[in-house]
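What follows is a set of notes on a single structure, which appears directly below.
Computed from a predicted model, the values in this text were never measured in an experiment.
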Amino acid sequence: MSCDQHVRLEHIREEIVAATLEAARTIATEGLGEKQPAHGFLFIIGDSKELLDPDPDIPFAQTESSVHSKYGFFPRDLDRRDNATILIQQCCESDSKKRALQTLCSRDNAIVVDGDSGQVCCGGFANRDSTTPYGTGSRTRAASSIAVNANCVSIKASEDICGTRANPVAPDAKLEVFRGVYFPEKVPLVVEEAPRAVSGNAPPSLESQLRPLSFNGELKWHVEQFVPGTRDWILNFLISWVRNTDGPRCCVLFAGPGFGKTAIVAQLYALLGHRAVIAVHLIQHNNAAKRDPCRMIKSLAYQIARALPAYRKLVEEVLAAGSCDLNDIAQLFDCLLLEPLASIELPADGRLLIVIDALDEAEHATKNDLLDLIARDFPKLPARVAVLVTSRRDLKARSKLSTLRPKVLDSEENAEECANDVRQFLRAILAPVVEPERLEATINTAAAKAQGVFLYIYWLRKRLENESCADMEALPDGLAGAYLAQFTRVFPGGFSIDGRKVLGAILAAPVPPHTKNTLPRLSGVPRCKDIVGLLSQLFPVRDDGCVYSFHKSIPDWLMGEFPYEDRSDEDPYFIDRVDAHRRAAAACVAALLREHEALGNVNESDAHAAAVIREEWSGAGDDERDLYAPDDYALRWAITHLVEAKLRNVALALLCSMHFVTLRVEAGHMAELIADSIKVPGAEATLLRRALVLSQNHVGLWGCAVLAEELWQRVLEPAENSGMMAVSRLARDARRMARGMGPPMITARHASLTPADTPLHCVLEGHEGGVNGVTAFKTSDGEPRLASCSDDQTVRVWDPIAGRELSKLGGHQHRVLGVVSFETSDGTRLLASSSHDRTLRVWDLNAGVELRKLEGHQDWVLGVTAFEMNDTTCLASCSVDKTVRVWDPMTGRELCKLEGHQEAVNGVVAFKMNNTMCLASCSDDTTVRVWNPIEVCQLCTLEGHQNSVKSVVAFEASDGPRLASGSELGMVRIWNPIDACQVHEIDCGLSPGMCVAAFATSDGTWLLAIGSYEWTVRIWNPFEGQELNKLEGHDGSVCGLVAFELSEGVLRLASCSLDGTVRIWDPIASGRTSELETHENEVYGLAAFSTRDDEPRLASCSLDRTVRVWDPSSRSELQKLEGHRDPVCGVVAFKLNDAICLASCSYDGTVRVWDPTSGRELHKLEGHSGPVDGVTVFKMNEEVRLASCSYDKTLRVWDLTEGCELLKVEGHQAWVRGVVAFEMNDEVRLASCSDDKTVRVWDPTTGRQLHTLDDHEHFVFGVVAFEMNDVVRLASCSFDKTVRVWDMTTARQLLKLEGHQSWVCSVGALAATNKTPRLASSSYDVTVRLWDPIAGAALFVLSMEKIVKSMTVFEMKATGGDDQKDIVCAFGHHNGTITYWDVRF
């Protein structure tokens, strides 16, 4: 037999099937031993991950020994050590491996073989009911079902064909082979020349990587049900539309429930075939996988790849490169759909069609992510790709899909055609059973009953299959009547107790419940399958074992939702939503409570949650107390059920349970946890949500370890100060958890992260460069959004509530400097952006595509604003070419050019003055000018600034408009443009480069927000000249500000910065911070030392030109050492004549020596001809020496007793950034690092260069010495993003430590208690990494909020107050603060 006749599945290698067939023949022939036959067994060859991983959309029980597979199997609790490394290709070549495989085949098992690698991934499978082994028939059904549903090859051996070694099976016995959707073939057990396996691993298949959803069964069923002659008017139109390349690219079919939209899609697919319909996606309201945008994109991509070979090649290249995040919607769309389709030559005849059916059913928890994706991204597809969407009538869908400019087909507008279709359908089903003379009258009666709904006629047809033609007058009216009739037939007089429980569980479940694993536990009805069987026409069970609603209108009718709102609980066939969710909630919390009891009351918050749950259900009946949901279902959906059941106090207690939060994060539910916190009302849930949003970008690195550390720092103090007991318990437990975690770990001694109750609400990260501008707007359904522009040449759109990026707009060829949002006259939301590439670009916000490029400026376009002029939306832009230009954004035409400024125009704003729309612009020529864009004339020039004017905004005063302009040197001037005079002046005293925004508070008071190069945002009252608030958090200059309403009456301020972030603030809230305020600028150096009483002390130096001495125990400042005239770059502590001294180096070219106790300056060492960047102290011949390094490319050695220079060391070719002293072979050596990309080793007695270490690829910023296995090593850090470890014996590189995403600014050595060395490095990627310099691996990554510029390590009394000491790392930050962290190895 050739295995060709069995294998045509892309993810399964033919040689794997051949080897599996051989193994199956061998086991069936030889059995398990001399006299022991093998039981019947089943091999499944396919994607092992797909087969073995639990389906995230079907929550089954997870225990230590079982993880339920969506294909109906779960692993038994077997010792799998023997078969962990089995490859099926080797099973017939090795006796030990063959015996292991025989053992796996001994218990009616199914063995999974990976189709790519041949690995036997797991053995010991049983059917879903683990107490009953498979019989021959059930195994056959399982084999064929898995082959069809999972695109596998299944090989089945019945027990009656298995022999033993002593009594082999007869040669004519047959294995059954099931392949894909084909009927089983019989394969002889004995074949003379069986193909042998081929060694080696093939790359993963396209199918295994994309895991496409299959719709073949549904499409086939709908085609079989379709009545020829119906819906011809729709089908003919759609076929003509697809073939006409000049018409609209999108068509939307709107129709009510039961219209038969999916049947139309299936018939269209059958008529056009897969060459024209390249992809189909059928959405179902109760199937989370089919609602998932990522799964949809992957399924579409797989289908298109099967239709277009050139496209397939590009997609395979993308997946092989690993450059696409398969869980990121934006990346998936770009990498799998947009870019491959745009890169291939599409067929010349007609269009290629993508079909999305039942888009309205993708809505879940008031959100429709698929609708957003289609409206935003599908217009970007090539013009030859058409999109057909079907949906119920929905104003939101109609509005959002307007971005595709579709042809709309609405059933209500085609009532006559729909009525003819109904009659045609009825004629087809009634003609065989109704006398000809009664046929027309019967059709008329049935048509009136159907009310134009095809689903009703389908129900009628099913009824006529089982009954004789009934009296049509007695038929129920419409779908509602049909549903009532069917439920009445099954439950005469009303639902039974068990029936109501089962239906309530089905309707409450956010995902279809499994009939064996979920539904019995959720409903409390063990034999629920019997009830589901009675309702199979309305709630069918599919191949995955889950029960689905046949149509969305069924749950709508049962629960009295639109369009059946008139139903109530007085109806015996009504299911109360709240009651159904309460029972589901009871099942979920019971499962979580049982696990809590197994763990014991470890955490305070867990014990409280358990107590609240017990109290709520203390009076419940047995039917609620005996419910128990599967663990993973309970974890994912407990909060949803509690909120829907209006048990909000229980929801809050559970949400604030440490164990619950930990399990959610470990399960990868961070985004869902944030969504759950939004559902729970109240201040405590809001505080927790804010903490989770602030921490979500960090948790992905190290999961619960990071989350516990960040949670307590962000919420403990605000929660306790506000009396928020639930969140306080969670924070205390998080602190205990963080400090109790095993090494390696770095935990804060004091809260040093931004608390969740400060003005900072959210940090939006994603831009890859400085952010230059930000604007705010609302979507058509009232959701707030932000758009930002950046040096990375993109505009990004954000959800400011969830703190996540929604889309990225690319097209500019240079930095994007300005962005504004506006609406067209037809309500379409657009964006406009301005750039260094001298253009403006207009974007369709919902579609995410560039509409047009506006060209005309002769230099950089620095800003853009939108305004109404003559009932038309216009844009105004300003440029370095000294002009302001006005544009029509819909045509791209320049309307006028306003000239008058003598230098670059930095900003422009629109406002009304005397009922006339005016523009104001500001310039480097120190003026603000007011223009009338209609008359194209200048109205006035506002003079008074002494420097460049960087921004201008407009706001209202009681007597008319006001302008506020900010100049380069910190002056804000308030102008009355009507009188052309200055009315107020604010001297902010800020650094250059100010931006200004104006906003009104709830009481109508206008305030100004002012940002600058000093990284802060300040809130001022412009009329009183009073500063009201200071918002701190950015790590770079603030470049843009915008105020917006998050919801009615809730004001927020968004700021953007060169630090690459957009931050969202409450501009009125107080600016409290838990960080210790220290220096006024960056902390460039730290040094630790101890007093004579062994008390720890810390010295720090900064760009603020000071050295400060601290008591780290109390975090209090002891001394402020002043004398340097420029920034102080380094500090070191040492003993001189038994007294502790400090030495500091500065950009003023000096090194100064200090007494840290008295603050007195002891020496001033002068000699360098440039900034001194580093200093170290060492002993040589019992004399204390100091070495310094400088911008002048030299090192110098100093005598600290005499305060004189001893030696000048030359050799570096650029700025010398750092120096360290170390001993090797009883000789003192110096190591220095430089911008010349080298580390050099020197003899400090002669100045001779001993080694040059030159493997770095860019500037080297730091160097440190340490011992490893009694051998001296150096570690250096560089602009090339690496830390390198050097062997000083051989002067060669030992390790290259990679992982930082930006340049590494400092490196330090830490000695653990067991003398095992560790390295710590800090980077501008705002992380600190702890390294094992032996293994060359990162042990821990700590995400910081502020860049760490310097670090030092010292010992300090343990936080418990005993005699033990902790190893503490002090970090000096970019913003002038110092934080203290415990380090555990």
Side-chain angles (χ1 to χ4, degrees), residues 712-713 716-718 720-721 735 739 746-755 758 1030 1032 1070-1124 1127-1128 1130-1135 1139-1144 1152 1154-1162 1344-1346 1348-1383:
W712 81 259
Q713 291 194 57
L716 180 57
E717 185 177 348
E720 290 186 338
N721 289 344
R735 183 168 58 181
R739 292 179 174 175
I746 304 176
T747 58
R749 293 180 73 87
H750 315 283
S752 59
L753 299 177
T754 300
T758 57
K1030 180 181 177 183
E1032 299 177 285
S1070 62
R1072 184 182 67 82
T1073 175
S1074 287
E1075 288 182 313
L1076 174 66
E1077 288 298 336
T1078 60
H1079 290 281
E1080 298 167 8
N1081 213 318
E1082 300 180 32
V1083 180
Y1084 254 26
L1086 292 169
F1089 60 97
S1090 296
T1091 65
R1092 295 181 185 275
D1093 300 329
D1094 202 29
E1095 292 294 329
R1097 293 291 183 263
L1098 191 70
S1100 61
C1101 63
S1102 167
L1103 263 66
D1104 67 6
R1105 299 179 292 185
T1106 68
V1107 176
R1108 306 191 190 212
V1109 180
W1110 308 88
D1111 179 351
S1113 301
S1114 63
R1115 296 192 292 168
S1116 58
E1117 182 182 312
L1118 303 178
Q1119 287 286 351
K1120 181 178 180 182
L1121 311 179
E1122 297 178 290
H1124 283 295
V1128 188
V1131 62
V1132 65
F1134 59 96
K1135 275 191 174 182
I1140 295 294
C1141 295
L1142 298 177
S1144 60
R1152 299 178 190 243
W1154 312 83
D1155 178 346
T1157 304
S1158 66
R1160 186 167 59 91
E1161 182 181 309
L1162 304 178
M1344 310 294 286
E1345 282 192 329
K1346 308 295 178 189
V1348 174
K1349 297 287 290 188
S1350 54
M1351 65 178 75
T1352 191
V1353 180
F1354 57 97
E1355 287 190 342
M1356 190 170 166
K1357 287 183 180 179
T1359 53
D1362 53 23
D1363 293 334
Q1364 293 183 341
K1365 290 192 175 183
D1366 289 336
I1367 298 174
V1368 177
C1369 193
F1371 295 135
H1373 293 273
H1374 202 197
N1375 67 333
T1377 61
I1378 299 171
T1379 57
Y1380 302 94
W1381 300 75
D1382 290 328
V1383 183

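In this structure, Thr1106 OG1 and His1079 NE2 are separated by 4.5 Å, a value rounded to the nearest 0.5 Å. Here Met1351 contributes atom CE and Thr1379 contributes atom OG1; the two are 10.5 Å apart, rounded to the nearest 0.5 Å. The CZ atom of Arg1108 lies 14.5 Å from the CG atom of Leu1142; values are rounded to the nearest 0.5 Å. Taken to the nearest 0.5 Å, the CG atom of Leu1086 stands 3.5 Å off from the OG atom of Ser1350. In this structure, CZ in Phe1089 is found 8.0 Å from CG in Leu1098, a value given to the nearest 0.5 Å.
Taking Asp1111 as the reference, Arg1097 meet the salt bridge (Lys or Arg N to Asp or Glu O under 4.0 Å) condition, with sequence neighbours excluded. Listed by chain and number, the residues in a side chain to side chain contact (heavy atoms under 4.5 Å, CB included) with Gln1119 are Val1109, Leu1121 (sequence neighbours excluded).
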- Might you work through the side chain to side chain contact (heavy atoms under 4.5 Å, CB included) test for Leu1103 and Tyr1084, ending with a clear yes or no? CA-CA 7 Å; Leu1103 263 66; Tyr1084 254 26; 3.5 Å; yes
- Item | side chain to side chain contact (heavy atoms under 4.5 Å, CB included) between Cys1141 and Leu1162, intermediate numbers included | CA-CA 9 Å; Cys1141 295; Leu1162 304 178; 3.9 Å; yes
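Counting heavy atoms from C-beta outward, Pro1156 and Ile1140 have side chains that approach closer than 4.5 Å. You'll find the side chain of His1373 stays beyond 4.5 Å of the side chain of Ile1378, heavy atoms only. Two residues are said to be in side-chain contact when any heavy atoms from C-beta on lie closer than 4.5 Å; Ser1102 and Pro1127 fail this criterion.
Contact detail for Cys1101 and Val1128: the closest heavy-atom pair is CB-CG1, 3.4 Å. Closest of all the heavy-atom pairs between Pro1112 and Pro1096 is CD-O, 3.3 Å. Nearest heavy-atom pair across Trp1154 and Glu1122 is CH2-O, 3.5 Å. Residues Glu1161 and Arg1152 approach most closely at OE1-NH1, 3.1 Å, considering heavy atoms.
Ser1116 and Trp1110 are not linked by any side-chain donor-acceptor pair at a separation below 3.5 angstrom, with hydrogens and angles left out of the test.
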